[in-house]
There are 2 protein chains.
Amino acid sequence: MEPCELCAIRSKAVQTLTRDEMSLHQQNCAEVVLKPGESIIKEGLLSSHIAFLKSGLAKIHKKGVKGTDQILKILQPGSYIGMQTILVNKIHQYSASAIEESTVCYIDIYTFKELITRNANFANELILYLCRDELSYFERFVNVHQKQIDGRLADCLIYFSDIINESRTFTIPLSRNDLAALVCATRESVTRAIKDLVDIGTIKVHGKEFEIINYDLLKTISEKG
Amino acid sequence: MEPCELCAIRSKAVQTLTRDEMSLHQQNCAEVVLKPGESIIKEGLLSSHIAFLKSGLAKIHKKGVKGTDQILKILQPGSYIGMQTILVNKIHQYSASAIEESTVCYIDIYTFKELITRNANFANELILYLCRDELSYFERFVNVHQKQIDGRLADCLIYFSDIINESRTFTIPLSRNDLAALVCATRESVTRAIKDLVDIGTIKVHGKEFEIINYDLLKTISEKG
DNA sequence: ATTAATATGTGACCCATATCACATAGTGAA
DNA sequence: TTCACTATGTGATATGGGTCACATATTAAT
């Protein structure tokens with residue numbers, strides 16, 4: 001495994017570590033390559049490691065009362081996975097799975113806690129990370145109920161275009177069912193919403209391949225709900 | 001103002017401070033008493049203080065695309081307010097207001113940051129706080145779309161009964177409009193949902209006074225959605 | 001290649017909830 | 001007290017999106 005200090009996408013927190021601390025981190029860190037669909041962490045299971053997405057793409061999902069999964073977030077490289085739950089009670093409160101071939105590092109929780117109390121800068125960066133992460137849910141939470149499907153789908157497309165791919169042409173590596181779980185709707189409704197956007201000339205779609213051809217209109221749909 | 005070290009509901013983080021740090025904290029801390037409806041922090045405004053709810057009850061709210069507020073959470077004493085946003089970029093991403101007469105302490109952000117880097121235990125407790133806080137939104141987020149109004153209202157009543165008041169009889173210090181913003185519905189629908197619960201004998205209601213008379217049934221409604 | 005299993009599209013229908021409209025009650029100010 | 005304003009309840013109606021049913025693709029397995 002590549003040394004943590006040479007890892008290109010090591011977290012800002014890890015960047016604060018001293019040589020000794022870095023080597024402690026390294027010794028308690030294991031790298032795994034996962035195929036699309038494979039589980040990174042599982043809700044309800046006891047765990048002793050925090051995961052870190054080094055490359056690829058993953059989804060955070062959680063079962064709701066209806067028994068179906070809701071996708072809370074799509075994770076990019078550089079994201080910690082399961083930190084919130086494991087620091088609090090060792091049992092994961094949500095699941096995460098790779099949606100592309102991904103590399104994941106698992107860091108031992110005791111090491112992680114040790115680093116927090118040993119290096120205040122490490123702790124400080126984690127605090128900033130957690131703050132940003134939490135905020136990312138707020139906007140979404142508020143608008144899930146205030147936007148209708150077309151608007152939520154537009155948000156999702158803009159997210160994949162602007163944030164994840166930085167391109168107007170991109171692949172969404174999710175089934176229509178997963179896409180529905182992400183925009184809080186049913187598969188059928190998502191299909192129809194996609195058709196709507198295609199019909200009015202905002203996007204082109206071939207399977208999981210998307211192209212935004214009228215970004216401004218898409219943005220308007222996102223904002224008007 | 002009462003010294004922070006004597007404050008009965010001082011946070012776990014503050015409990016880790018040394019005498020010196022505590023006095024620094026104290027010197028940069030101001031206590032304010034707010035009436036119901038008064039603002040604690042305001043979305044979009046620059047700020048240099050983190051708030052801490054010492055007594056009373058508050059709501060976190062945020063404007064959605066429709067222009068109306070959504071209530072993200074009801075806060076109890078012991079909650080930090082605005083920490084996420086202010087640590088990240090000084091501009092609050094959400095608002096908070098008292099919904100009862102409340103006491104709020106404002107802590108200077110520079111002091112706060114100083115304490116984070118000076119005392120790893122302080123930072124550690126904040127990390128745990130942030131983790132718990134973030135997790136509290138997950139369950140809610142997932143189920144907002146999977147439950148219908150009666151279920152969401154039941155959740156809300158259970159929350160006020162079990163968590164906030166620890167009593168089957170309690171007051172919800174919110175207008176019907178606010179209650180709607182909390183359960184993600186319209187005022188009219190909430191009125192009808194309350195009527196439903198009354199009609200089937202789960203609760204009794206007089207204005208803002210609620211009494212749960214069939215807790216198990218309410219729980220069932222909450223779980224079945 | 002053939003079969004089975006799963007993913008996706010699409011129409012018909014229905015229902016939960018929003019919207020609208022208005023009545024009534026409550027609250028605060030002059 | 002009176003007036004204005006806001007909060008609340010309630011009926012009628014509209015509709016977004018869920019549910020169901022089924023056809024068609026697509027993928028995986030033997």
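Chain A is the first sequence line, chain B the second, and so forth, proteins listed ahead of strands; every chain is numbered from 1. Heavy-atom basis, side chains included; hydrogens, waters and symmetry copies ignored.
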Is it the case that the side chains of [Y] and [X] hold a donor-acceptor pair, with the cut-off being a distance below 3.5 Å and no angle test?
{"X": "His61(A)", "Y": "Ser95(A)", "answer": "no"}
{"X": "Asp155(B)", "Y": "Ser222(B)", "answer": "yes"}
{"X": "Ser97(B)", "Y": "Glu38(B)", "answer": "no"}
{"X": "Thr103(A)", "Y": "Glu31(A)", "answer": "no"}

For a quick check of understanding: with a heavy-atom distance under 4.0 Å over all strands, which category does [X] fall into, base, sugar-phosphate or nothing?
{"X": "Ser175(B)", "answer": "sugar-phosphate"}
{"X": "Lys208(B)", "answer": "sugar-phosphate"}
{"X": "Lys66(B)", "answer": "sugar-phosphate"}

Between [atom2] on [N] and [atom1] on [X], what's the gap in Å once rounded to a whole number?
{"X": "Leu174(B)", "N": "dT8(D)", "atom1": "CG", "atom2": "C1'", "value": "15 Å"}
{"X": "Gln148(A)", "N": "dT17(C)", "atom1": "CD", "atom2": "C1'", "value": "13 Å"}
{"X": "Leu179(A)", "N": "dA7(C)", "atom1": "CG", "atom2": "P", "value": "14 Å"}
{"X": "Asn177(B)", "N": "dT6(D)", "atom1": "CG", "atom2": "C1'", "value": "10 Å"}
{"X": "Lys35(B)", "N": "dG28(C)", "atom1": "NZ", "atom2": "P", "value": "13 Å"}
{"X": "His145(B)", "N": "dG16(D)", "atom1": "NE2", "atom2": "P", "value": "14 Å"}
{"X": "Lys147(A)", "N": "dG16(D)", "atom1": "NZ", "atom2": "P", "value": "18 Å"}
{"X": "Gln146(A)", "N": "dT17(C)", "atom1": "CD", "atom2": "C1'", "value": "15 Å"}

Item to check | Pair Tyr94(A)-Val142(B), side chain to side chain contact (heavy atoms under 4.5 Å, CB included): steps then yes or no | outcome: CA-CA 10 Å; Tyr94(A) 56 81; Val142(B) 167; over 6 Å; no
Next on the checklist: Quick one, Asp133(A) with Lys73(A), criterion salt bridge (Lys or Arg N to Asp or Glu O under 4.0 Å). Give me CA distance, side-chain angles, the key distance, then yes/no.
Outcome noted: CA-CA 10 Å; Asp133(A) 195 47; Lys73(A) 199 180 199 173; 2.4 Å; yes
Item to check | Carboxylate-amine/guanidinium proximity below 4.0 Å for Lys54(A) and Glu2(A) | outcome: yes
Checklist entry - Just how large is the angle between the end axes of the helix from dA1(C)-dT30(D) to dA30(C)-dT1(D), five pairs per end, to 10 degrees? => result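 The end axes of the helix from dA1(C)-dT30(D) to dA30(C)-dT1(D) are about 50° apart, to the nearest 10°.
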Next on the checklist: I'd like to know if the side chain of Ser175(B) reaches the main chain of Asp178(B), judged simply by a donor and an acceptor atom lying under 3.5 Å from each other, with no hydrogens or angles considered.
Outcome noted: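 Between the backbone of Asp178(B) and the side chain of Ser175(B) there is a qualifying donor-acceptor contact (under 3.5 Å).
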Item to check | Ring geometry between Phe170(B) and Phe160(B) (parallel below 30°, tilted from 30 to 60°, perpendicular above 60°) | outcome: parallel
Between protein and nucleic acid, restricted to nucleotides 27-29 of chain D and to nitrogen or oxygen atoms under 3.5 Å apart, what atom pairs and distances do you find?
none

Next on the checklist: So, OP1 or OP2 of dT17(C): does either fall under 4.0 Å of a side-chain N or O from Thr186(B)?
Outcome noted: no
Checklist entry - Roughly how far, to the nearest 0.5 Å, is the CZ atom of Phe112(B) from the CD1 atom of Ile50(B)? => result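 Reported to 0.5 Å precision, the distance equals 4.0 Å.
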Checklist entry - Distance under 6.0 Å and angle within 45° of the ring axis: does Arg168(A) meet both against Tyr215(A)? => result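 Yes; both conditions hold, so Arg168(A) lies above the ring face of Tyr215(A).
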Polar atoms only, N or O, under 3.5 Å: list the protein pairs with nucleotides 9-11 of chain D and their distances.
{"from": "dG9(D)", "atom 1": "OP2", "to": "Arg176(B)", "atom 2": "NE", "distance (Å)": "3.1"}
{"from": "dG9(D)", "atom 1": "OP2", "to": "Thr191(B)", "atom 2": "OG1", "distance (Å)": "3.3"}
{"from": "dG9(D)", "atom 1": "N7", "to": "Arg187(B)", "atom 2": "NH1", "distance (Å)": "2.7"}
{"from": "dG9(D)", "atom 1": "O6", "to": "Arg187(B)", "atom 2": "NH2", "distance (Å)": "3.2"}
{"from": "dG11(D)", "atom 1": "N7", "to": "Arg192(B)", "atom 2": "NH1", "distance (Å)": "3.1"}
{"from": "dG11(D)", "atom 1": "O6", "to": "Arg192(B)", "atom 2": "NH2", "distance (Å)": "3.3"}

Next on the checklist: Just so I know, are the side chains of Pro77(B) and Phe52(B) near enough to count as touching, which here means a heavy-atom distance under 4.5 Å?
Outcome noted: no
